[in-house]
Participant: 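The structure's right below; bear with me while I get my questions together.
Just so we're on the same page: letters track the sequence lines, and every chain starts at 1.
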Number of protein chains: 2
Amino acid sequence: MTHASAKRAIRAHLTRDRILDAAEEQFASRGFHGVSIRDITESAGVPLALANYHFGTKQQLFGQVIERRGKEHAAQMQKYLDEVLAAAPQDKADPERIVWAFCASVYERLIHGGRGWQRYIRLLAWSAEASQHEDFLEPLNRLFDPVLASYVRALRKSYPQMSTVDLYSAFYLLQASLVYTVAATGGIDRLSRGALRSTDFKRLLPRLVRFCAGGFERLARGED
Amino acid sequence: MTHASAKRAIRAHLTRDRILDAAEEQFASRGFHGVSIRDITESAGVPLALANYHFGTKQQLFGQVIERRGKEHAAQMQKYLDEVLAAAPQDKADPERIVWAFCASVYERLIHGGRGWQRYIRLLAWSAEASQHEDFLEPLNRLFDPVLASYVRALRKSYPQMSTVDLYSAFYLLQASLVYTVAATGGIDRLSRGALRSTDFKRLLPRLVRFCAGGFERLARGED
DNA sequence: GTCTATAATGAGATAGAC
DNA sequence: GTCTATCTCATTATAGAC
């Protein structure tokens, strides 16, 4: 490689990163359909055409944004679950610990991950609220389906007596709580007149874990 | 009024309803930003210009769609709460009954309300997932803010020892569960391989009520 | 690799004939 | 009240000079 072409390659890499960062920021704040490629390239300070040149279609760009951090995120979610299971007798872990493991990656990255990770997490929330039939979700599903399945298996072992429908319902409501909380659309700010802000994850997420653990207990206890 | 003008008025009323119905259907399935006025008028089988003629801007049309059923819906939510409180000693109602009252209108209309009400409820879910800074949400907030506030007051009386933050957090997670469930984006269908469908509200909503009642109990019990 | 210019499409809204 | 035709603007995507 010549000196000149090496410099071009470095510059290209920087441009790619600028576009990825801008795309992450824009998608995180307004969702896939709420953002135009123009929004992204203008925010990145690069000409419109470079987005298509480097990443192809809008969907492919979105997929690249997801995969940049998603691989690490999904692996950490799996690791946290494995640690909880390793410390439990006969794989029957305390359900609250499983719920905590499920939320921990998101929590840590929202609190300590820096702006990039915070945007990525908000982006996940937008995506989880989209219809599962949307094409642009394909890379996300591919990354996270195996992890989610292993969490369900773990909860199944902790609640062997629970019906399948009860178990999936409870897991679904755990997902709902996490997604809605992370989306932080502002629903509680006005109602509570400032006593609780929907962006106050440091307060919300530990309460979410206890709330959902209580929900699992209640559903596992049966009909009443 | 002449005979001819009376007939015109009736025809106009029919046209307005056709547009409102089509708008409700389109907004319910793809959200405010995912729908064009063209989508609506084509689905209604009327010329594009009539939407603007009868309803003004897209936002005003959306507001009319919400208000058509929202007034009745909000009033019923309030009524159900009032009934629970009237049957309780000293206004200290069983929290699970309050949670049930909170979800009952939605449940009934999803199961027995017919297609129109089902669409309206899905539309509410789309709206609850939108950022609270979106202008088009204004009529919704105006209608439902007072009802939500009265539910929080009722829960406060049932859990007088609970901290404000815990109470609002739990109420927020109840909202999250209901919104995400009603949105039915399909998140659980693939994971459960058909054992639970996200549109199976008859199974999901009663479990949601017990799950959230358990969550309230767990948060009210304190730190552990 | 970059950037200007533009094609092709679809959007919200309206003018004006009927 | 209705409908055709159109205005104006923003969108995705690409062609072609550098």
Side-chain angles (χ1 to χ4, degrees), chain A residues 1-27 29-65 130 134-136 138, chain B residues 1-27 29-65 126 130 134-138:
Chain A
M1 194 188 277
T2 68
H3 184 63
S5 75
K7 272 175 71 177
R8 269 206 310 277
I10 289 169
R11 170 128 185 244
H13 197 262
L14 287 175
T15 300
R16 287 176 62 94
D17 281 350
R18 288 168 65 84
I19 294 173
L20 277 181
D21 286 342
E24 187 173 64
E25 177 181 353
Q26 296 289 315
F27 285 138
S29 60
R30 289 179 299 159
F32 184 79
H33 293 298
V35 170
S36 69
I37 298 188
R38 274 183 165 72
D39 293 334
I40 293 169
T41 51
E42 277 171 25
S43 159
V46 305
L48 171 65
L50 288 189
N52 276 289
Y53 175 76
H54 285 290
F55 298 99
T57 69
K58 187 181 173 188
Q59 276 198 26
Q60 289 169 325
L61 171 56
F62 183 86
Q64 291 290 310
V65 171
E134 296 264 24
D135 291 336
F136 69 88
E138 194 270 329
Chain B
M1 195 189 276
T2 68
H3 183 65
S5 76
K7 272 175 72 176
R8 268 205 311 277
I10 289 169
R11 170 124 185 246
H13 196 264
L14 285 176
T15 299
R16 287 176 62 95
D17 280 350
R18 288 168 64 83
I19 294 172
L20 277 181
D21 287 340
E24 188 173 63
E25 177 182 351
Q26 297 288 314
F27 285 139
S29 60
R30 288 179 298 158
F32 184 79
H33 292 299
V35 170
S36 69
I37 299 189
R38 279 181 165 75
D39 292 334
I40 294 169
T41 51
E42 278 172 23
S43 159
V46 304
L48 172 64
L50 288 189
N52 275 289
Y53 175 76
H54 285 290
F55 297 99
T57 69
K58 186 181 172 186
Q59 277 198 26
Q60 289 169 324
L61 171 57
F62 183 86
Q64 291 291 310
V65 171
W126 268 104
E134 296 263 25
D135 292 336
F136 70 88
L137 294 181
E138 195 270 330

Participant: Under the rule for side chain to side chain donor-acceptor pair (under 3.5 Å), what residues qualify as partners of B/Glu42, not counting sequence neighbours?
Facilitator: none

Participant: Could you pull out all residues at least two apart from B/Ser43 that satisfy side chain to side chain donor-acceptor pair (under 3.5 Å)?
Facilitator: none

Participant: Could you tell me which residues satisfy ring-ring contact (aromatic ring centres under 6.0 Å, His included) with A/His33, sequence neighbours excluded, listed by chain and number?
Facilitator: A/Phe136

Participant: For DNA chain D, which residues of residues 40-51 of chain A approach it to below 4.0 angstrom with any heavy atom?
Facilitator: A/Leu48, A/Ala49

Participant: Give me each pair satisfying side-chain hydrogen bond (donor to acceptor under 3.5 Å, both in side chains) with a member in residues 14-26 of chain A, each pair once, sequence neighbours excluded.
Facilitator: A/Asp21-A/Arg68, A/Glu24-A/Arg68, A/Glu24-A/Arg69, A/Gln26-A/Arg30

Participant: Scan residues 53-63 of chain B for pairs that pass salt bridge (Lys or Arg N to Asp or Glu O under 4.0 Å), counting only residues two or more places apart or in two chains.
Facilitator: none

Participant: Would you name the heavy atoms of A/Ile19 and A/Val46 that are closest together and state the gap between them?
Facilitator: CG1-CG2, 3.9 Å

Participant: How would you list, by chain and number, every residue that makes a side chain to side chain donor-acceptor pair (under 3.5 Å) with B/Ser29, sequence neighbours excluded?
Facilitator: none

Participant: Is there side-chain contact between A/Leu61 and A/Leu20, with at least one heavy-atom pair below 4.5 Å?
Facilitator: yes

Participant: Do any of residues 57-65 of chain B sit with a heavy atom less than 4.0 Å from DNA chain D, and if so which?
Facilitator: none

Participant: In residues 15-23 of chain A, which residues come under 4.0 Å of DNA chain C by heavy atom?
Facilitator: A/Thr15

Participant: Chain A on DNA chain C: first and last contacting nucleotide, 5' to 3', under 4.0 Å to a heavy atom?
Facilitator: C/dG1 to C/dT4

Participant: Could you state the atom-to-atom distance from CZ of A/Arg30 to C1' of D/dT11 in whole Å?
Facilitator: 13 Å

Participant: Going by ring-ring contact (aromatic ring centres under 6.0 Å, His included), name the residues that satisfy it together with B/Phe55, two or more places apart in sequence or in a different chain.
Facilitator: none

Participant: Parallel, tilted or perpendicular, judged at 30° and 60°: which one describes the rings of B/Phe32 and B/Phe62?
Facilitator: perpendicular

Participant: According to a strict under-4.0 Å criterion, is A/Ser36 in side-chain N/O contact with OP1 or OP2 of D/dT11?
Facilitator: yes

Participant: Under the side chain to side chain contact (heavy atoms under 4.5 Å, CB included) test, which residues partner B/Leu48, sequence neighbours left out?
Facilitator: B/Ile37, B/Arg38, B/Thr41

Participant: Would you classify B/Arg38 as touching base, sugar-phosphate or nothing, given that sugar-phosphate means primed atoms plus P, OP1 and OP2, and contacts are heavy atoms under 4.0 Å?
Facilitator: base

Participant: Over how many whole Å does the gap from B/Asn52 atom CG to D/dC7 atom C1' extend?
Facilitator: 13 Å

Participant: Identify the heavy atoms of B/Gln60 and B/Gly56 that sit nearest to each other, and give their distance.
Facilitator: OE1-CA, 3.4 Å

